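One structure is given here, and the rest of the page talks about it.
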Amino acid sequence: MKQAELEKKLKIYAYITTVLLLILCVKLAVVQIFYNDQYQMQASDNRLRLVSIKAPRGEIMDCNGEKLAANKLVYTVRLTYLGVKNQDQIIEQLSELLMHNYSEVTPDFIKEKIEIQKYRLFEPIVLVRDIPWELVVELEENRHELPGVDIAIEPLRAYPNGTLTGHVLGYIHSINSEEIEQSDEEYNLNSLIGKAGIEKQYEKELRGKEGARRVEVDAAGRPVGELVTLQPQPGNNLILTIDKKLQTVMENSLEENLIRLQKKHPKAKVGSSILMDVKTGEVLALTSMPALNPDDWKGNISNERVGYYFPQGLYDSLNPGAALNRAIQVTYPPGSTFKPITGMAALDSEVMDPLEDFVNCAGAYWIAPYIACTAAHGEVNYYSAMAKSCNTYFQEMGRRAGKDEMIRVAGEFGLGEKTGIDIPYETSGLIPTPEWKKEINALLIDRKYDRLRKELEDRYERLIANAVSEDEVISMEKQKKNESARLEAQYKIDYNFDTKWQQFDTFNMAIGQGSNNYTVIGLANFVSTIANGGDLMKPHILKEVRSSENELVERIKPKRIHHTNVSTRTLAETRRAMLQVTQPGGTAHFLFYDFPPEITVAAKTGTAQTGRSGDAVMGEFHGVFIAFAPADDPQIAFAGVVEYGQHGSESAGWVAKALFEQYFGIKDHYTEIIAQQEETVDPEQMQQLLSVVPMMEQPLP
């Protein structure tokens, strides 16, 4: 019986096994016949990997073809595969060798790099770029102890002029995960990408097209052979409107003036300026101090340099921070450089005759809050008031024209809006309006009184809780009610006063104070528009895009935003008034008195309250300066600000003077600067600098 049952069970198992084998055979047949191509492709895809080859970025040149950003071939330390034995030991040895030159390359640093790239270990992991030759030799000598470590030669950004045009060019730095997600697989974890300035703005034009190596790997992702190589395509070259000579003069002059000013005003460590072609909107020079060195950002930036670019406080007088491009990212009160707007508002609304209409300045305006003037100027008209920067005159013109007309004219000249310059992160300025004042002050008033109400409530809650009798509780509640009523009454008074436009707001606006705040590029575009007869142009820095073979890809044409709705007479009278600023008796006469008679300069100086806590009490001001030349047929316009520079003519005005001298051939500052630099540079250092050029011309491996 047992034997028969066993045989029966064996037959059942045999049938089941046969059926399963038949099913398996059918499945295999289906795979072989119908899915053969698909699975072979998947197997091939798992076996083959594409490893990118970095493309050289396009070069960046000034308007005369001088290289501002190029490429050089550098040695890069990479981990091509870490699936070997004694992995931790290799990391320790490699870190020990690298830390002599790069203290940040610790074992933890390397492990972090591995972790970030753990799903693409078939791609080389870049550790350090641009290593010195001595380190190359040392690593090669220890290669037998460092399996998986190799040294590659790749093109890397080179900035032959150091900090020159640093904020214009911007910088490149390691890509982050968010940028990779937005890149449509055009980058990898080892890519460098434009993060600021021209490098960011024109990343697509500059980056080129990466090449690739088809690499065969085993099941563990270990490379076992190389099949095909596709050579990279270099990016397009950019020709900028920047003139290297003018840029050099601008940066050198601003730096020298900051050093000079700091002897008397220690906080004068920050400045920015712009020189523009008034007819085309081309930016001929643009700088911001403290300077930015693009070379700092190509690799792993040190903590010391991070502190230089990003200080802890909002404003640190010892280290104001170099990351900001203060020509486009920071707004300043314009001070008296706003007075041409007030004058044009009065002229256009026909409430002032520039020659015949006189105002008597006795040292302060006669209407409260009796804002003081720089002196008792006596009888002044539009020309003499502009020349002497008379606060009293322009407050009266502001009163006559009214706030709405000043707001309108300021808007016509682009103030309060972004100019659209082709550098990222531009900030808008601010034209104060009744609507803006109500919105911002209503918020501030409500916050203040919400805090006061809570403090009152908490205080009486404690007092009532500690009361010893019912009479004392009743007394406390009565006091609370009375005090709360007084608080609400004061709230209504403050709200009505602070949220409504007051007469003193008009007076402050008329002389460029109050809540007026504009960028340097905004001021430069404003004065350019006065100079060119009313065409508000879009400022731009890119002039041409050319291929790596120097074929023209695109030429940037001047773009007019609009023609100002201000009369031709108003513009002409304002240009004449600004010319008086550089004539005898004017606030900038001492700067330009020795210019040739055919090169006349029109300008406006500004001494602006900073708006920062405590500065007004200490008598500290920003120096602001705008100018254009020649006054009778303008070609160029300038705007500049020196923080804590006190007076515009004594700070930024000197930068304008040097630039105008260079541009019009009055004095060759550039040649003098280069001669001084050659005297101070060590001969061996100079030889190293010169050697960069042939390196950049070498063909890629």
Side-chain angles (χ1 to χ4, degrees), residues 331-354 357-374 377 380-382 385-386 388-417 429-442 444-445 493-518 522-523 526 564-566 570 573-574 577 604 606-611 616 621 624:
T331 59
Y332 297 98
S336 294
T337 62
F338 187 83
K339 288 173 180 174
I341 293 288
T342 306
M344 287 187 289
L347 280 166
D348 232 37
S349 56
E350 299 181 345
V351 296
M352 174 259 283
D353 182 293
D357 205 345
F358 285 86
V359 171
N360 183 27
C361 172
Y365 194 39
W366 54 84
I367 302 176
Y370 314 110
I371 297 173
C373 195
T374 55
H377 296 120
V380 290
N381 62 12
Y382 190 34
M386 190 77 79
K388 299 173 182 178
S389 199
C390 178
N391 285 344
T392 301
Y393 179 89
F394 284 98
Q395 286 179 82
E396 173 61 12
M397 291 306 113
R399 185 193 66 79
R400 293 184 189 181
K403 65 180 186 306
D404 293 337
E405 187 66 8
M406 286 192 291
I407 291 168
R408 179 191 73 82
V409 173
E412 288 288 325
F413 287 83
L415 295 174
E417 301 288 340
L430 172 65
I431 303 173
T433 65
E435 295 77 17
W436 170 84
K437 181 179 181 181
K438 182 175 182 179
E439 181 181 356
I440 192 70
N441 282 1
L444 295 174
I445 290 289
I493 293 170
D494 288 351
Y495 188 92
N496 288 332
F497 183 81
D498 289 344
T499 60
K500 291 181 180 178
W501 190 271
Q502 305 296 332
Q503 199 170 36
F504 65 79
D505 291 316
T506 300
F507 302 155
N508 273 319
M509 172 183 254
I511 59 174
Q513 291 297 162
S515 298
N516 278 302
N517 270 286
Y518 308 113
L523 293 175
F526 147 56
T564 56
N565 190 20
V566 174
T570 292
E573 293 291 359
T574 300
K604 187 68 198 78
T607 303
Q609 293 180 2
T610 70
F621 303 93
V624 191

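Side chains included, hydrogens not; waters and symmetry mates left out as well; all remaining heavy atoms used. The structure displayed is predicted, hence computed values, not measured ones.
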Between R399 and E396, is the closest basic N to carboxylate O distance under 4.0 Å?
yes

Which heavy atom of L415 sits nearest a heavy atom of F526, and at what distance?
CD2-CB, 4.0 Å

Heavy-atom closest pair (P334 atom, T337 atom, distance to 0.1 Å) is O-OG1, 2.6 Å

Is the closest side-chain heavy-atom distance between P369 and F507 below 4.5 Å?
yes

Note: N391 and A372 closest approach over all heavy atoms is ND2-O, 3.1 Å

Once you round to the nearest 0.5 Å, how far does OG1 of T499 lie from CD1 of I440?
12.5 Å

Member of M397, M344, M509 meeting the side-chain contact (heavy atoms from CB on, under 4.5 Å) criterion with M406:
M509

Give a yes or no answer on whether the side chain of K403 reaches the backbone of T433 with a donor-acceptor pair at less than 3.5 Å.
no

Taking the side chain as C-beta and beyond, is there a heavy-atom pair between F338 and K604 under 4.5 Å?
no

Spacing of T331 atom OG1 and L523 atom CG [to the nearest 0.5 Å]
10.5 Å

Separation between OH of Y495 and CG of N441, rounded to the nearest 0.5 Å:
9.5 Å

What are the two closest heavy atoms between W366 and T392, and how far apart are they?
CZ3-CG2, 3.8 Å

CG-CD distance between D353 and E573, expressed to the nearest 0.5 angstrom
8.0 Å

Apply side-chain hydrogen bond (donor to acceptor under 3.5 Å, both in side chains) to the pair S389 and K339, showing each step before the final yes or no.
CA-CA 8 Å; S389 199; K339 288 173 180 174; 3.0 Å; yes

Here the gap from R408 atom CZ to I431 atom CD1, rounded to the nearest 0.5 Å, amounts to 11.5 Å

Within a strict 4.5 Å, meaning less than it, do heavy atoms of the D505 and P434 side chains meet?
no

For K438, does the NZ atom sit with more than 12 other heavy atoms under 6.0 Å from it, leaving out its own atoms?
no

If you count the non-hydrogen atoms of other residues, nucleotides and ligands that lie under 6.0 Å from CD in Q502, is the total more than 12?
yes

Check whether E412 reaches the backbone of N565 with its side chain - one donor and one acceptor, N or O, closer than 3.5 Å.
yes

If you compare all heavy atoms of P333 against all heavy atoms of V624, which two are closest, and at what distance to 0.1 Å?
O-CG2, 4.0 Å

Between Y382 and P340, the two heavy atoms sitting closest are OH-O, 4.0 Å

Within a strict 4.5 Å, meaning less than it, do heavy atoms of the V566 and F413 side chains meet?
yes

Donor-acceptor pair, Q609 side chain versus Q513 backbone, under 3.5 Å?
no

In Å and rounded to the nearest 0.5 Å, what is the OG1 to CG distance from T342 to L347?
11.0 Å

